[in-house]
There are 2 protein chains.
Amino acid sequence: MSINDIAKHLKVSKSTVSLVINGKAEQGRISQSLAKRILDYVEEIGYKPNALAKSLATGKSHTIGLIVENIGDSFFGPIALYIEEKLRQYGYHVFYSSTLGNQDNANEILNMMLEKKVEGIILSPTLGQKSPIEKILKKKLPLVLFDRRVEGVEANYVGTDNYVASKNAVQHLFDNGFSRIGFITIESSQPQMLDRLKGYEDVVSDNSVESIIIKLPYQSSIDEFTLKIQSMFKTYPNMDALYFSTNYLCVKTLKILQNINYTNKFGMVAFDDHDLFELYTPTITCVSQPLEELALKAVNSIISQLKENTGEVEEFIIPSKLIIRDSTKK
Amino acid sequence: MSINDIAKHLKVSKSTVSLVINGKAEQGRISQSLAKRILDYVEEIGYKPNALAKSLATGKSHTIGLIVENIGDSFFGPIALYIEEKLRQYGYHVFYSSTLGNQDNANEILNMMLEKKVEGIILSPTLGQKSPIEKILKKKLPLVLFDRRVEGVEANYVGTDNYVASKNAVQHLFDNGFSRIGFITIESSQPQMLDRLKGYEDVVSDNSVESIIIKLPYQSSIDEFTLKIQSMFKTYPNMDALYFSTNYLCVKTLKILQNINYTNKFGMVAFDDHDLFELYTPTITCVSQPLEELALKAVNSIISQLKENTGEVEEFIIPSKLIIRDSTKK
DNA sequence: AAATTTTGCAAAACCGGTTTTGCAATTGAA
DNA sequence: TTCAATTGCAAAACCGGTTTTGCAAAATTT
């Protein structure tokens, strides 16, 4: 059932129907009686306008694109929910997609969203998205980068202070008597990861000890992971603490330690909290990003750009909290 | 830049441009030379067609709606990722939304998706969606219900065998010497929850012991939760095991037990696995749904309906696995 | 050389809406 | 009573595409 069908059935013009349906009867000088007749019929047949046609005509899709690395993970999943809820309050819906860190995926997704005429984009960029992002900026399409920046791009950004949080976390280990701290991270040049790495390196160097770093491929198999961890233990037998650049690396490592029945105890800190950390024995100290606040700022930024895009760039750095648990008590 | 602009600039008609862009130059009998000229220009200016207009004209949005309860949770999140990945292989994108179990939300979301002309819907229904779902079926829009059924509705369905899995889980507790088993669930008449409940009740009654059930509101505060749990312990002091209808209830309960410093040990089984369960002390036995397979079946069902919707109804019941861990060893 | 086919493209109709414009009929003012 | 203003709606133009149809001009056939 289209607006044409309604018009034909009621023997009026479709412009009249459109005006009435959109509450512009007054403005279109449609008589109350005709308006009622139309509304009644619309109600009767349960007519719902075709949103594609509507968007095409009005230029408004009421949709925001959300591009994350992995909707299934314990950081992006909850964030996505918050973002969805908050955007709903403003009448916007979410079109999401996961890049899995893959640049080709990411660019394809971005294009798709632009073609679908999203009105704004919340993006956790992968590497190599500089030029696509610049295109978006040129179009003055509302954009906010999320969780990670892109080097050399001036865009709105929401994230935590990875460097400072990382420094605090590692210093906390030193303060509690750990000194041979291994850093487990992924092979990634993503800025937030580099910041966390730099935080580690700086503190380690401030404390004049050697840095111990292992980098794992983005999606390494459990076997590969296990081998790397084991060789790390062998190479640095007096290592007394582990610092993880992100929570799932810690979870994976714990599983491995359990599998290989490794009994040495380490001080431990992970970046990003996880259900597990509050309940594991020992409970695990972590850097906790305020997920809801991050989501809120991202949405606010999009909404304000939607109202008026001055092109002015704002950065929201939301401090993380170090949640101190048993894993850093000697 | 629209197709009209291209046509004007090249002084050709937009139909010609459209045919060429869509690889139908042959069929439209456009000369190779003109086709090349058009393609070159399209390339040069980086033209991307407006997907809304395209969808409106072709009737194809290449989008599937995915409606889950909560994209942020450890069941739906990973499933959503699988679904997205698999649909991508078929050239479909995902429009998702979370209902949070709220019926009004759910129906609004459903309408929005219909208006946006998704070509199919993967739906974890809330209660009271019978009639909206029937509307979808009448339209012959590809649909697959996911994780939970709707009473009295004959629709494609993908889910696990909640009743059988639940029975096995509870029986496993009895087999291992537990006999006073409390069941912790949410106040919900969702079919999958009722099946899990029935599984519990039947096994408890088979073993001629009293059933102990507490039902919590869908999103209960931690305080409310704590009170209910404590009163359960008081009322049933000789309770020796807990069975949870879903994983986050178990996680929450563990946190509470830790908070209130409760030292009694229980046998434990949860429905749905969780990272925590493999690493908690003791490791926790659970019913594990094969997430990837569930996602795969749902996608396959949609794809096959997309090819040809015979209206034939299929149900895919994917068996769950009981993963036995330490929490059920006495 | 005339008739027929084929080629190459433009024009038009359509998808389902919104919004501006235009015009007859009614009402109000002079 | 005549002219102007207002009312009430239809018609048309537009959003940006796709697809069918139509029609010269060129190429073949007869």
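In the text below, chain A, chain B and the rest are named by the order of the sequence lines, each starting its count at 1.
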Review point. With a 4.0 Å cut-off on heavy atoms, is B:Gly28 in touch with a base, just the backbone sugar-phosphate, or nothing at all?
Key: base
Exercise for review: Using a heavy-atom cut-off of under 4.0 Å over every strand shown, decide if B:Lys24 touches base, sugar-phosphate, or nothing.
Suggested key: sugar-phosphate
Practice item. Walk along DNA chain D from 5' to 3' and tell me the first and last nucleotide with an atom closer than 4.0 Å to a non-hydrogen atom of chain B. Key: D:dG16 to D:dG22
Practice item. Name the orientation class of the two ring planes belonging to A:Tyr92 and A:His62 (parallel below 30°, tilted from 30 to 60°, perpendicular beyond 60°). Key: tilted
Exercise for review: Give me the one residue out of B:Gln305, B:Glu312, B:Glu314 that meets side chain to side chain donor-acceptor pair (under 3.5 Å) with B:Asn156.
Suggested key: B:Gln305
Exercise for review: Could you tell me how the ring of B:Phe146 sits relative to the ring of B:Phe76: parallel (under 30°), tilted (30 to 60°) or perpendicular (over 60°)?
Suggested key: tilted
Study note, to complete from the structure: Whichever of B:Thr58 and A:Ser33 has the more 5' nearest nucleotide on DNA chain D, that residue is A:Ser33
Check your understanding: Does CD belonging to B:Gln103 count more than 12 external heavy atoms closer than 6.0 Å?
Key -> yes
Exercise for review: Scan B:Lys117 against the nucleic acid and name what it touches under 4.0 Å (heavy atoms): base, sugar-phosphate only, or nothing.
Suggested key: nothing
Exercise for review: Quick one: label B:Leu52 by what it contacts on the DNA or RNA (base, sugar-phosphate, nothing), any heavy atom closer than 4.0 Å.
Suggested key: nothing
Check your understanding: Looking across every strand, which nucleic acid part, if any, lies under 4.0 Å from B:Ser31 by heavy atom: base, sugar-phosphate, or nothing?
Key -> sugar-phosphate
Review point. Taking all non-hydrogen atoms of both residues, which atom of B:Ser74 and which atom of B:Leu291 are closest, and how far apart?
Key: O-CD1, 4.3 Å
Point to revise | B:Leu10 CG to B:Arg37 CZ distance, which is reported to the nearest 0.5 Å | key: 5.5 Å
